[in-house]
Amino acid sequence: MVVGLECVRGREEIMAKAKILYVDDEEINLSHFVTFFGEEFDVLTASNGQEALGIFTMQPDLAVVVTDQRMPEMTGVKLLSEIYKINPDPIRIILTAYADIFDITQAINQGHIYQYVQKPWKFDELQRVLQQAVDKFYLLQENKQLISLLDEKNQLLTAANKQLEADLALQQTLEQQRREVEVKMLAQAKLASLGEIATGIAHEINQPLTYIQIVLQSTGRDIDQGKLDLQELTTDIKESTRQVQRISEIIHHLRTFGRADSGEMVEVSLPEIFANAMILYRQRLRIQSIEVEETINPDLPKVFGNPIQLEQVFLNLLQNAFDALQGAENPVITVDFSERDGVLITTFSDNGYGIAEDAIGKIFEPFFTTKAVGKGTGLGLSIVYGIVADHNGTIECRSQEGKGSSFTITLPVSGNGNNSAHNALTQ
Ligand SMILES: Nc1ncnc2c1ncn2[C@@H]1O[C@H](COP(=O)(O)OP(=O)(O)OP(=O)(O)O)[C@@H](O)[C@H]1O
Ligand SMILES: [Mg+2]
């Protein structure tokens, strides 16, 4: 991290004005000190402890305090410990006779001194000690400034972090709202396709109804005209009964499909499930001239699954293929059911516009769509993926842009290790 070092004042500049307070009860020592060090440092002097404390409180920028130990009213150690209480920053030095070992110990313990210098002092030695003390003082000042700068930066960072967290929370809320809007749009889109499906179903029911109506009308006319042919009537009644049966199958299926999904797992035939899904799509596919070619391998085993959910898989695949085949030449959907090694393999292909290479890895992600707003919300294949996974199966897609897409679904054959799927769905 880069800290604003430029804010810390240059040491050279400050050192030129380093202030030193020298305390000694002997006048001659004071004047000697000023003579020797007055040029190099800004020297202030005091002849006793009280006077020194007075000067000290008035000079907050003092760098070093040098004091004699033996003074009548206040010893050097006492003075330095008082100074330490007022401001611990200036560097403290004591001058004492070599024999005063007790004073030296006290000076270290109570006066928190930086160094003691033996009296009588030698110029070179004291000059070196003073210079080091001044250096240390400014180094400590710089450190303090750096630490406070770091603190400041830390506070800024903490504030920035908080802002980031708030931004993130806002983004999550917006994302949530976006999804809610998309789900609403999906509901609208589903309603629209429900309308189209309803039209298809109306058509499916209308055909047998028209047939029955014609039979009834012509039978009534034959009775009126006394030309009733019993053999013809028997055939008509048989066919009408078949047509009624067809209508009730469609209605029965719609009622089952409309009911809330109970999560029930049973043995099911996938081609039958596909046929049920086709009831809802046949008419729409026919209008668009989309062929459906189905291959069912003989002796195809059943799978253990939830019929409603598995039908949703086909409905979503059909819808996607239907969309992809808009404007295609000779549009065709191919569905193939086969079994290998206890696995039921369903291949569902179309020769529609296909999927771009960079999109293929994303198609199973929720909300991934390449369709126009309001047309698709990108939930279809993620639902399909979830259902297949719940059935202990797999789904893969291969596609080539402009050529078509092919989805391969594998599901374990009933009794082939898919009881856990049963548990997962009924929990
Ligand atoms: N058969 C297909 N042919 C071409 N592209 C497909 C096909 N199936 C899926 N896709 C691509 O995968 C995307 C995701 O499909 P998915 O079914 O999840 O969502 P959607 O169809 O866009 O919207 P929704 O199904 O929610 O109405 C589609 O937008 C499309 O780009
Ligand atoms: Mg879809």
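All ligand and atom numbering here is 1-based and tracks the order in the structure. Fair warning: this is a prediction, and the values are worked out from it, not measured in the lab.
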Query raised in the report: Considering distance alone, does some N or O of Leu379 sit under 3.5 Å from an N or O of ligand 1?
Result: yes

Requested in this report: Decide whether the shortest distance between a heavy atom of Ser405 and an atom of ligand 1 is less than 4.0 Å.
Outcome: yes

**Report entry** Donor-acceptor contact below 3.5 Å, side chain Gln127 vs main chain Leu130
**Finding:** no

**Report entry** Atoms in ligand 1 with a heavy atom of Ile363 nearer than 4.0 Å
**Finding:** 11 (C), 12 (O), 14 (C), 18 (O)

**Report entry** Within-4.5 Å side-chain heavy-atom neighbours: Phe407 and Thr347
**Finding:** no

Query - Leu80, Val64, Val65 screened by side-chain contact (heavy atoms from CB on, under 4.5 Å) with Ile93, the one that passes - result: Val64

Requested in this report: Assess Thr369: does it contribute an N, O or S atom lying under 2.8 Å from the Mg ion (ligand 2)?
Outcome: no

Query raised in the report: Does any N/O atom on Asp323 come nearer than 3.5 Å to any N/O atom on ligand 1?
Result: no

Query raised in the report: Counting each atom of ligand 1 from 1 as listed, which ones have a heavy atom of Ile355 under 4.0 Å away?
Result: 4 (C), 5 (N), 6 (C), 10 (N)

**Report entry** Test of proximity, Thr369 against ligand 1: N or O pairs below 3.5 Å
**Finding:** yes

**Report entry** Proximal candidate to atom 23 (O) of ligand 1 [heavy atom criterion; set Gly380, Gly378, Ser349, Cys397]
**Finding:** Gly378

Report summary line: Across all chains, not counting sequence neighbours, the ring-ring contact (aromatic ring centres under 6.0 Å, His included) partners of Tyr22 are Phe33

Query raised in the report: Does any non-hydrogen side-chain atom of Leu310 lie less than 4.5 Å from one of Phe274?
Result: no

Query raised in the report: Is any side-chain heavy atom of Ile409 closer than 4.5 Å to a side-chain heavy atom of Leu270?
Result: no

Query raised in the report: Which bit of Phe407 gets closer than 4.0 Å to ligand 1, counting heavy atoms only: side chain, backbone, both or neither?
Result: side chain

**Report entry** Min side-chain heavy-atom separation Phe348-Leu318 under 4.5 Å
**Finding:** yes

Query raised in the report: Which of these, Tyr385, Phe368, Phe348, has its nearest heavy atom closest to atom 13 (C) of ligand 1?
Result: Phe368

Requested in this report: For ligand 1, indicate whether the residue Asp350 contacts it via side chain, backbone, both or neither (heavy-atom separation under 4.0 Å).
Outcome: side chain

Report task. Give the single entry among Asn351, Ile360, Asn320 that approaches atom 17 (O) of ligand 1 most closely by any heavy atom. Result -> Asn320

Report summary line: Within 4.0 Å of some non-hydrogen atom of Gly354, the atoms of ligand 1 are 4 (C), 5 (N)

Query raised in the report: Does an N or O from Tyr353, backbone or side chain, lie closer than 3.5 Å to an N or O of ligand 1?
Result: no

Query raised in the report: Which of the listed options, Thr370, Val384, Asn316, holds the heavy atom that is closest to atom 28 (C) of ligand 1?
Result: Thr370

Report task. Return the orientation label for the Phe37 and Trp121 ring planes: parallel under 30°, perpendicular over 60°, tilted otherwise. Result -> tilted

Query - Of Ile83, Leu79, Thr96, Leu95, the residue whose pairing with Thr67 passes side-chain contact (heavy atoms from CB on, under 4.5 Å) - result: Leu79

Query raised in the report: When you measure from the side chain of Ser399 to the backbone N and O of Gly404, does any donor-acceptor pair fall under 3.5 Å?
Result: yes

